[in-house]
Structure formats: structure tokens, C-alpha cells
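Accompanying notes for the structure given below.
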Amino acid sequence: MLSSSDEIDLDALRQGSPAEIKQLMQRVWAPLLIHAQVIVGDPHLAEDVVQEALIRALARISVFESRGAGSLDAWLRKIVINQAISTVRSVKRRREDALDAFDSELDRGVRVAKESVLATQSVEDFVADEQTRVLVLDAIKALPDSLRLPLYLRDIEGFNTAETAKILEISQSNVRTRLHRARQVLKDRLEAVFGGSRP
Amino acid sequence: MSHWMPYSKNRFTRGMKRQMLRWFPGMITCEEFEKFIVDYLEDNLSVSKKHTFERHLKICPECIDYLDAYSKVRDVSSASVIMTSQHINSEVPDDLVKAVVDAMSSDDEN
């Protein structure tokens, strides 16, 4: 969730106060950028997505109805997610290239452990290290669109299968299949980086 | 479908597993087990299918390890995004605030 510690004066925001807009941007920019990067898989494209989504969202801030702390951030995140998914749909790129690049990175010797830390460490300990998180996010971004989007919506954003199917306009069965494949590929790639004993 | 083929390190366990898969009714193979994973983790399996799934887990240490790592991948993905978004520092583009102000004022005019 995005931090909502700095309260925004909604009235001032609606009136277009530059100071209030700047405060909001400073609060939401980085977290939204991470989500957009994971969805579109490209950092530069993600910046464009977040900028465009924020501009469009705040241009119609009048339709936003506050439902308490954090609701403005959640509203903006939803708009960014929709914008990012639309972008992925409209930009036909060969995600396999990214997968190849990730594999090349492995070949250059990024391995940091021989034992499977996935098996021996708790999730909290595993992601405590910033470099580890970067590698996990890189592995997710390198997934093909068809696998990355279901994984993002189900495992990261917490949508259920029916909601994910509706957003991606595919069947629920297809969501399950793609989700399973995404987790398999991600597991294999993380074990390739961090070590893991394939049975 | 699976590219992953379980292989027990322990010869006795491997033999027992083979015999149970062959002779006991209601047993599933490791490949069939894999097909149930998503629904098992979402608690979407019927009672009988859930029992079948868990019966396989009792005789297959490889699938226990696989399920554990698979579940952790799911949790690690989520935790990595959440923690990164909480700790990252990324400067807001210089012209974004101005672009938002301009968009809001032009929207007001419309």
C-alpha cells in the first residue's frame, strides 16, 4: 500500500493548488512507478504510463469521492494499473527478448548462493535484502506479458481469479493456467539465481 | 506439460512411492499433483480432491519441497513489490506538477 501519512487537502487539490499537487506527487510517484514497472516490464515506458495516468486522473479529480485515509492513493493506483495494462495491450513487444536478456545475466554469473534460500529462508528474511528484491522484480519484469499480468493481478495486487479474468478479458481457466506457468517460470529463475536443488 | 520430474534421493522412499502409486486407489502422480496446485492454494478443491492432493503429499517429499518453494515464490513476489515501493527513492519528474496543473485548469475551462 502507498503511504498516506501526509494528508492531502482535497479542497486545495481540487482547486489546482501547485503546492498540494506537488506534495501528492512526491508521495505517490515512486510507489506507483514500481507497480507500473512490474506491469509493463520496462522502466522508461512505466514512467510515461504513470505520468499520463496521474495527469488524466487529476484532471478529473472532481469525480473522486474520498472514502477515508488512503483512498486517494488507492484510486490513483487503480487508474495507473488500468493505464499500464492498456499500454501492455497496445504495445506489442517480444517479451521473450527480455527473458533471454535475463538468462544472459545469469550466465554472466549473478549466482549468489548454492543452497536454495527459497527453501531455507523465511519470506521476510529473503526479501530483507535490497539486492534480492531488485533481482526478484527483474525476474518478474522479464516474464512475457501473458504470464506477468496474471501474476501481478493475482499474487501482487490480490485480485481473485474471476476479477483477473475480467480485467484481462480471458477465461478463468486461462488465468489459472497462466498463473501456474508464471509461478513455475519465476520459481525456476529465482532458483537459478539464488540456488535451488531441482529434484 | 511439466518440465519438472521429481526424483527421490532415497531408494526406499522411491520404491514405496512407486508401489503406492501403482496399487493404491485414488493416488495421483506428481504431474497430476501439479495440476491441482493453484486450486489447492486458493482452497478451491472439492473435499475429495483435496484429500487426494494431500495423500500425495504424504508419500512424496519432492512435492512437499516443490509446493513449499512454489508458495514462497508467490509470497516473495508480493513482498518484493510492497517493500520496494515503500523504500524506493525516485524523483518526481520536473515538469509533471506543471503538466498536472495545466491539465486541471484546462479541464476546468471545459
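Remember, predicted model here, so these are calculated numbers, not experimental data. Proteins come first, then strands; the chains are lettered A, B, ... in the order of their sequence lines, and each starts at number 1.
Between B:Y70 and A:H180, the closest heavy-atom pair is OH-ND1, 2.8 Å. Closest approach of A:R133 to B:S80, counting heavy atoms only: CD-O, 4.0 Å. Scanning all heavy atoms of the two residues, the minimum distance from A:A128 to B:M83 falls at CA-CE, 4.5 Å. Listed here is the closest heavy atom pair of B:V100 and A:I21: CG1-CG2, 3.7 Å. Here the closest non-hydrogen pair linking A:L58 and B:M104 is O-CG, 3.3 Å. Taking all atoms of both residues into account, the shortest heavy-atom contact from B:V38 to A:R183 is CG2-NH1, 4.0 Å.
Within the 4.5 angstrom heavy-atom criterion, no atom of A:R56 approaches chain B. Heavy atoms closer than 4.5 Å to chain B are found in the side chain of A:T161, but not in its backbone. Proximity to chain A is limited to the backbone of B:E91, based on heavy atoms less than 4.5 angstrom apart. Contacts between A:L33 and chain B at a heavy-atom distance below 4.5 Å involve the side chain alone, from C-beta outward.
Hydrophobic cluster membership is shared by B:L67 and B:I64, with clusters built from Ile, Leu, Val, Met, Phe, Trp and Tyr side chains linked at under 4.5 angstrom. In the hydrophobic clustering of ILVMFWY residues, with side-chain heavy atoms under 4.5 Å counting as a link, A:L54 and A:V63 come out together. With hydrophobic clusters built from ILVMFWY side chains whose heavy atoms lie under 4.5 angstrom apart, B:V73 shares a cluster with B:L57.
Using a 4.5 Å heavy-atom cutoff, the side chains of B:R74 and A:L186 are not in contact. Looking at B:D95 and A:Q51, their side chains come closer than 4.5 Å, going by heavy atoms from C-beta outward. Between B:D75 and A:F126, the closest side-chain pair of non-hydrogen atoms is not below 4.5 Å. Looking only at side-chain heavy atoms (C-beta outward), A:L179 and B:E42 come within less than 4.5 Å of each other. Residues B:V101 and A:P18 are in side-chain contact: their nearest non-hydrogen atoms beyond the backbone lie under 4.5 Å apart.
Expressed to the nearest 0.5 Å, how far CD1 of B:I88 lies from CD1 of A:I34 amounts to 3.5 Å. With rounding to the nearest 0.5 angstrom, the OG atom of B:S77 is 7.0 Å from the CG atom of A:L190. Taking CD of A:Q37 as the start and OG of B:S85 as the end, the distance is 11.0 Å to the nearest 0.5 Å.
Counted within 6.0 Å of CD on A:Q172, heavy atoms from surrounding residues, nucleotides or ligands total more than 12; the atom is thus considered enclosed.
Counting heavy-atom pairs under 4.5 Å between each of A:N160, A:I156, A:V50 and chain B puts A:I156 at the top.
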List the steps, then state whether side-chain contact (heavy atoms from CB on, under 4.5 Å) holds for A:I55 with B:L96. CA-CA 8 Å; A:I55 291 168; B:L96 179 58; 3.9 Å; yes
